[in-house]
Amino acid sequence: MTEQVRTRIAPSPTGAPHVGTAYMALFNLAFARRHQGKMVLRIEDTDRARSTPGSEQAILDALSWLGIEWDEGPDCGGDYGPYRQSERLELHQAEIDRLLEQGDAYRCFCSPERLDELRKEQMARKETPRYDGRCLALPPEESKQRAKNGEPFVVRMKIPSEGECRFMDELRGEVVIDWSQVDHQVIRKSDGYPTYHLANVVDDHHMRISHVIRGEEWINSVPKHLLLYKLLGWNPPAFAHLPLLRNPDKSKLSKRRNPTGIFYYRDAGFLPEAMINYLGMMGYTLPDQREVFSLGDLSETFDLKRISLGGPVFDLDKLRWLNGRYLREKLSEEEVIDRLLTWKAGKGFLERVLPLALKRLETLSDFFPLAQFLLADKLEYTVTELTGKLDPGEAARLLKIAEWELEKTAEWNRDELSSLFQRMAQTEEMKLKELLPLFFVAITGSTVSLPLFDGMSLLGPDLSRTRIRLALEKLADTGNGLSKKGLKSLEKEYRKAYGDRVD
RNA sequence: GUCCCGUUCGUCUAGCCAGGUCCAGGACACCGGGUUUUCAUCCCGGCAACAGGGGUUCGAAUCCCCUACGGGACGCCA
């Protein structure tokens with residue numbers, strides 16, 4: 001063994017922790033463990049507008065819940081820190097300067113509008129969209145001067161104008177991409193932050209990453225990354241591009257059709273070891289074809305070569321079956337009781353729910369039916385109950401708007417939710433009283449229950465959002481969903497009334 | 001549109017690298033039967049796939065080429 005195996009997982013803290021992140025983390029970990037190596041967790045927060053500390057913490061929590069442990073990271077440190085890209089800016093800047101001096105990169109002063117137009121023209125001419133190199137010809141002196149004068153600019157890397165880039169992917173063998181297909185990638189944004197492409201190369205190098213194991217979506221970027229390694233005089237790591245998790249319709253797994261938040265699965269009562277097991281069988285089988293296995297089992301025999309490349313469809317039915325096996329085969333009754341207690345059904349839960357339920361109780365037996373929706377995954381109700389006095393089409397519209405609005409709320413609590421729905425009622429020119437019954441049924445499954453906002457806040461964002469989506473699906477199943485066209489125009493209308501979507 | 005990647009039962013996959021033992025094996029789902037006071041569990045059985053076409057070869061799911069289909073990338077997002 002000449003060199004230690006070091007892998008990394010590099011999530012960006014911009015939203016709810018995603019099962020895809022866990023999937024990549026799992027294989028990175030298994031590979032590192034198999035080779036007595038280390039796995040690094042690095043936070044890729046170079047998108048200043050979208051990164052949030054809350055999201056970073058959520059990612060750490062989600063992975064920890066799954067039992068995925070990293071050897072170095074922002075929370076536990078390590079010899080190659082810091083482990084947040086935003087804290088490594090000098091390092092990135094130094095390399096950008098070096099590339100600039102070497103003449104391997106140049107400042108670009110083109111406006112986003114011009115670039116947009118350029119892209120459209122090229123697409124129309126059936127070419128691969130690519131920067132046309134206008135600022136490439138700028139004399140270095142002029143470029144320097146304009147930057148000094150405070151004119152906004154980005155830095156782009158120079159790409160060979162002809163020839164091809166050949167590289168090895170550990171899973172697929174040789175991949176050939178023509179340099180003419182590769183854009184003059186921006187490596188420094190106008191806000192001074194590096195882009196992913198630059199930061200990931202610089203950080204992977206300094207963190208001594210030996211194997212980059214990441215999603216297939218990155219495979220087209222390898223030439224840029226390889227070129228950066230070369231220009232900076234560094235040895236590149238080995239690359240392995242894993243297939244992407246898919247929706248039932250084979251598209252890249254997205255929350256539109258599936259719950260993709262790790263916390264949804266936790267809150268809906270799935271066990272972390274079953275999740276890990278299930279993710280481990282996506283695109284992979286152990287040599288002996290065992291179907292029930294632990295992270296340890298996986299790590300013991302893990303072999304990249306055994307990964308199958310067709311994108312696996314994430315199948316909730318099979319996950320449920322597997323989860324069931326853990327519950328009845330792998331855990332003792334006592335352990336299941338423990339899980340139940342720590343999951344939700346503990347004293348803390350009763351303490352939080354009782355104040356909401358108390359005034360509605362005549363007997364103790366009234367309590368659990370009222371609280372039932374907080375423990376359930378899926379709810380049973382009819383479309384008529386859901387829509388109430390509303391027209392089903394209108395109900396679908398309102399649910400969709402709420403879904404989008406809910407995606408924007410970072411703070412998930414009673415007051416926040418309350419003002420969100422009040423705002424929505426105002427915008428829709430409805431009384432809160434008219435708007436709310438729909439959501440009441442979607443969230444609680446009943447017209448008689450605990451207060452909506454408290455209930456949602458207790459339920460958490462993942463379960464709540466999933467229920468809204470479920471209500472929408474229910475409407476669609478009865479022919480009252482939003483058509484593709486309707487969705488598009490609704491989106492436009494939404495932007496006007498509520499502002500841009502975050503997604 | 002251009003480029004890249006992929007393609008075994010509806011789904012997850014074994015087999016492919018080292019071609020014959022594969023009229024393709026296992027699992028989920030589904031269907032049928034048995035155990036069980038119901039249901040579930042458990043057990044037994046069934047349905048169901050090498051995308052298509054050309055090569056190479058005595059022989060191809062396995063090697064090569066083409067086509068089709070699917071996905072991804074084409075951002076001052078990662």
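Here is how names work: the chains are called A, B, and so on, in the same order as the sequence lines, proteins then strands, and each is numbered from 1. Remember, predicted model here, so these are calculated numbers, not experimental data. Just so it is clear, the values below take in all heavy atoms, side chains as well, and ignore hydrogens, waters and symmetry mates.
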Side chains of A/H92 and A/D203, donor plus acceptor under 3.5 Å: yes
Provide the Watson-Crick or G-U wobble partner of [N], both distances under 3.5 Å; none if there is no partner.
N: B/U56; answer: none
N: B/A61; answer: none
N: B/G70; answer: B/C5
N: B/C30; answer: B/G46
N: B/C23; answer: none
N: B/A18; answer: none
N: B/U41; answer: none

Pick out the pairs of N or O atoms, protein on one side and nucleotides 61-71 of chain B on the other, that lie under 3.5 Å.
from, atom 1, to, atom 2, distance (Å)
B/G71, O2', A/R246, NH2, 3.3

All salt bridge (charged side-chain N to carboxylate O under 4.0 Å, His left out) counterparts of A/R166, not counting sequence neighbours: A/E164, A/E174
Partner set under salt bridge (charged side-chain N to carboxylate O under 4.0 Å, His left out) for A/R246, not counting sequence neighbours: none
Smallest separation among heavy atoms of A/M275 and A/V19, with atom names: CE-CG1, 4.3 Å
Minimum heavy-atom distance A/V313-A/Y278, with the two atoms named: O-OH, 3.8 Å
A/H35/A/F31 aromatic ring centres below 6.0 Å: yes
Check: A/W70 ring centre within less than 6.0 Å of A/Y83 ring centre: no
[X]: which residues meet the ring-ring contact (aromatic ring centres under 6.0 Å, His included) condition with it, sequence neighbours left out?
X: A/F302; result: A/F27, A/Y284
X: A/F270; result: A/Y265
X: A/Y131; result: none
X: A/W234; result: A/H205, A/H206

Closest approach to the side chain of [X], judged atom by atom: which nucleotide of [options] is it?
X: A/P312; options: B/G72, B/A78, B/U13; answer: B/U13
X: A/L309; options: B/U13, B/C4, B/G6; answer: B/G6
X: A/V313; options: B/G75, B/C5, B/C12; answer: B/C12
X: A/Q181; options: B/A78, B/U2, B/G15; answer: B/U2
X: A/D183; options: B/G15, B/G75, B/A73; answer: B/G75

Using the [atom1] atom as the reference point in each nucleotide, state the distance between [N] and [M] in Å, no decimals.
N: B/C9; M: B/C31; atom1: C1'; answer: 15 Å
N: B/C16; M: B/C22; atom1: C1'; answer: 12 Å
N: B/U57; M: B/U62; atom1: C1'; answer: 13 Å
N: B/A61; M: B/A14; atom1: C1'; answer: 12 Å
N: B/G20; M: B/G10; atom1: P; answer: 25 Å
N: B/A60; M: B/G19; atom1: C1'; answer: 6 Å
N: B/U7; M: B/A49; atom1: C1'; answer: 12 Å
N: B/U11; M: B/U38; atom1: C1'; answer: 31 Å

For nucleotides 39-48 of chain B, print each protein N/O atom paired with a nucleotide N/O atom at under 3.5 Å, atom names and distance only.
from, atom 1, to, atom 2, distance (Å)
B/C42, OP1, A/R328, NH1, 3.4

Near-strand residues of [range], defined as heavy-atom separation under 4.0 angstrom from RNA chain B:
range: residues 144-162 of chain A; value: A/V154
range: residues 269-300 of chain A; value: A/M281, A/M282, A/G283, A/T285, A/Q289, A/E291
range: residues 200-211 of chain A; value: none
range: residues 106-113 of chain A; value: A/C110, A/P112

Is there a donor-acceptor contact under 3.5 Å from the side chain of [X] to the main chain of [Y]?
X: A/S55; Y: A/T14; answer: yes
X: A/K158; Y: A/Y106; answer: no
X: A/R188; Y: A/V155; answer: no
X: A/T7; Y: A/A32; answer: no
X: A/K400; Y: A/L472; answer: no

A/W404 and A/Y498: CA distance, side-chain angles, deciding distance, ring pair (Phe, Tyr, Trp, His ring centres under 6.0 Å) verdict: CA-CA 9 Å; A/W404 288 333; A/Y498 294 86; 9.0 Å; no
Matching residue for A/E151 among A/R107, A/K144, A/R146 - test: salt bridge (charged side-chain N to carboxylate O under 4.0 Å, His left out): A/R146
A/T46 vs A/S308, nearer the 5' end of RNA chain B by closest nucleotide: A/S308
Pairwise 5' ranking along RNA chain B for A/I219 and A/E44, keeping only the more 5' one: A/I219
If only side-chain N and O atoms of [X] are considered, is one of them under 4.0 Å from the OP1 or OP2 phosphate oxygen of [N]?
X: A/K189; N: B/G75; value: no
X: A/R119; N: B/G75; value: yes
X: A/K318; N: B/C30; value: no

Reported CZ-to-CG distance for the pair A/R119 and A/D183, which is rounded to 0.5 angstrom: 8.0 Å
Residue that, paired with A/M24, satisfies side chain to side chain contact (heavy atoms under 4.5 Å, CB included) out of A/L242, A/L245, A/L29: A/L242
Atom-to-atom span, CD of A/E170 to P of B/C17 - whole angstrom: 20 Å
Spacing between A/Y131 atom OH and B/C76 atom C1', to the nearest angstrom: 12 Å
Side chain to side chain contact (heavy atoms under 4.5 Å, CB included) assessment of A/V40 paired with A/Y80: CA-CA 9 Å; A/V40 175; A/Y80 303 92; over 6 Å; no
Sugar-phosphate only, base, or nothing, as touched by A/V182 at under 4.0 Å among non-hydrogen atoms: nothing
